[in-house]
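In what follows, a structure is listed as structure tokens, so that the remarks can point back to it.
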Amino acid sequence: MVTPRSLSSSGSSVSPSSFIRHDWQQEEVVALLSSPLLALLDKARSVHRAHHVRDDVQLANLLSIKSGGCPEDCAYCPQSARYRTHVKADKLMDVQAVKAAAKKARQRGATRFCMGSAWRSVKDGKDFDAVLAMVRAVRALGMEACVTLGMLTQKQAQRLAQAGLTAYNHNLDSGPSFYERIITTRRYEDRLRTLAHVRASGVQLCCGGIIGMGESLQDRAELLVVLSSLQPHPESVPINALVAVEGTPLEDQPPIDPFDMVRMCAATRIVMPQTRVRLSAGRAALSSEAQALCFYAGANSIFFGDKLLTTDNNDCDDDKALMDNLGLQAPEPTERTLQRATN
Ligand code: SAM
Ligand code: DTB
Ligand code: SF4
């Protein structure tokens, strides 16, 4: 087992690429997740400092471009047509409306615009062409563009890459053992295949999971083992806490202990030192203090905007105030994005 010097709380001389590992073992990750919180924070912070120069937090705005009516049975999801929830099935938004929403998000300070659709997979034709136009429109505004559209073929991933897509979000959601208790209509291998298509197209990978669905610590560790086995690691890893929505099979699931979110962010940071760890859904239920600990543990991305897909997110002014208080900045747009923004 590699024990990099940076993992001791005093360690400081680290060669960032020297200890990116893809062979994390289940017991190691369980040990991380269950270690005393302060020791875990020490490790995570030291790994974070070795790999990230600035204390910055990426601001990603999320928009549901096609809500509800999804044929899948994901037990956490209010958008499945199988459950009676507050979400009604809508058609795909039009490109101009998406562009207007992206412009607003840019004005508020978001640098990434993420678009989600309640599809099992993408069908070629009118809707996919419209999504490609949305990606081009967002990129032309000088923002990074991310979409999550369900399963993708290799050809579709290539077309998204050609349209200028920055990242594709496709979550593993849980470790493989727990997965079947949450989703029966598509297999873990299907998800891995889509991830491989995205990787092969050259688009960045955004892939994470959800805690608070009734999984064990072993299951959480399994998820991190699989994510960290991907080569290279996903560029961003969203860590969601279940938003228990009325009408879904998980509606009565008790809320997570906020320290579990801190631990999950810390362990994710340690096993994937260079990735952007996104403190994602469920943030609205966390106190400022719990969020601060997540940032200290290495979370360096959030969804920024009043809404996630179909549920409420934190208030933008509160987020700005917390970031100011903690000394966290939004990252500068990349040079390439800046060039496009001036066009
Ligand atoms: N339909 C596509 C798919 O499933 O790949 C894309 C949209 S789906 C809503 C994207 C992700 O949102 C899911 O994989 C899941 O991780 C997350 N998500 C959905 N509902 C959630 C909830 N109630 N709480 C936390 N995360 C949730
Ligand atoms: C991700 O990991 N979380 C986002 C995004 N990727 C697509 C979705 C969270 C959804 C929370 C429930 C809702 O608002 O519908
Ligand atoms: Fe459909 Fe995605 Fe929700 Fe699953 S998570 S029901 S695939 S929208």
Side-chain angles (χ1 to χ4, degrees), residues 60-83 85-90 92 112-123 127 131 146-152 167-174 178-179 182-188 190-195 197-198 205-215 223 227 234 236-253 255-256 261 264 268 275-285 299 301-314:
N61 189 103
L62 192 52
L63 176 72
S64 182
I65 56 172
K66 195 268 164 231
S67 304
C70 182
E72 301 290 281
D73 70 352
C74 311
Y76 50 76
C77 187
Q79 304 204 64
S80 166
R82 296 164 193 247
Y83 318 133
T85 69
H86 67 284
V87 182
K88 68 171 176 52
D90 275 340
L92 183 65
R112 173 171 288 198
F113 195 71
C114 310
M115 296 164 272
S117 72
W119 287 329
R120 168 180 163 78
S121 57
V122 187
K123 283 179 192 52
D127 282 354
V131 171
C146 178
V147 291
T148 178
L149 314 168
M151 293 185 284
L152 277 190
Y168 192 83
N169 169 246
H170 196 60
N171 289 341
L172 286 171
D173 284 344
S174 74
F178 189 72
Y179 183 85
I182 295 298
I183 300 145
T184 68
T185 49
R186 111 184 113 163
R187 291 177 313 150
Y188 211 71
D190 296 327
R191 299 222 179 213
L192 292 169
R193 191 173 318 110
T194 291
L195 297 179
H197 291 157
V198 174
L205 212 60
C206 173
C207 181
I210 310 176
I211 64 168
M213 300 186 292
E215 75 288 338
L223 169 67
L227 287 171
S236 42
V237 174
I239 302 295
N240 297 276
L242 175 74
V243 181
V245 178
E246 203 180 323
T248 63
L250 297 184
E251 65 180 356
D252 291 326
Q253 202 55 42
I256 52 145
M261 197 58 168
M264 196 65 185
T268 307
T275 196
R276 276 215 181 261
V277 177
R278 184 171 307 122
L279 176 56
S280 303
R283 194 166 62 83
S301 175
I302 54 172
F303 285 124
F304 181 69
D306 332 325
K307 260 194 135 186
L308 293 168
L309 290 175
T310 67
T311 65
D312 291 341
N313 193 26
N314 308 55

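Order of listing sets the numbers, starting from 1, for every ligand and every atom in it. Keep in mind the model is a prediction, meaning the values are calculated, not measured.
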| field | Winner among D173, I211, V245, N240 once heavy atoms are compared against atom 16 (O) of ligand 1 | value | D173
| Is the shortest distance from atom 8 (S) of ligand 1 to a protein heavy atom below 4.0 Å? | no
| request: Give a yes/no verdict on whether any heavy atom in C70 is under 4.0 Å from an atom of ligand 1. | output: no
| field | Any A241 heavy atom less than 4.0 Å from ligand 1 | value | yes
| Quick one: does ligand 2 sit under 4.0 Å from the side chain of T311, the backbone, both or neither, non-hydrogen atoms only? | both
| request: Could you pull out, from M213, R186, R191, M115, the option with a heavy atom nearest to atom 3 (C) of ligand 1? | output: R186
| task | Considering heavy atoms of the protein only, find what lies nearest to atom 7 (S) of ligand 3 and give residue, atom and distance to 0.1 Å. | result | R186 NH2, 3.3 Å
| Hey, is R82 touching ligand 3 through its side chain, its backbone, both or neither, going by heavy atoms under 4.0 Å? | neither
| With backbone taken as N, CA, C and O and side chain as the heavy atoms from C-beta onward, which portion of L309 lies under 4.0 Å from ligand 2: side chain, backbone, both, or neither? | both
| task | Using a 4.0 Å heavy-atom threshold (strictly under), name the region of V245 that reaches ligand 2: side chain, backbone, both or neither. | result | neither
| Is there a heavy atom in P238 that sits closer than 4.0 Å to ligand 1? | no
| query | What do you reckon, does T310 have a nitrogen or oxygen under 3.5 Å from a nitrogen or oxygen of ligand 2? | reply | yes
| Nitrogen or oxygen atoms of A281 and ligand 1 under 3.5 Å apart | no
| said: Please check whether S280 reaches ligand 2 - meaning an N/O of the residue sits under 3.5 Å from an N/O of the ligand, judged on distance alone. | reply: no
| Polar protein atoms near atom 3 (Fe) of ligand 3 [N, O or S; cut-off under 2.8 Å] | C77 SG
| message | Please work out, at 4.0 Å between heavy atoms, whether the side chain, the backbone, both, or neither of N171 comes within that distance of ligand 2. | response | side chain
| Does the distance from a Lys or Arg side-chain N to an Asp or Glu carboxylate O, for R191 and D173, drop under 4.0 Å? | yes
| said: Quick check against the 3.5 Å criterion: does S280 have a side-chain atom that pairs as donor or acceptor with the backbone of R278? | reply: yes
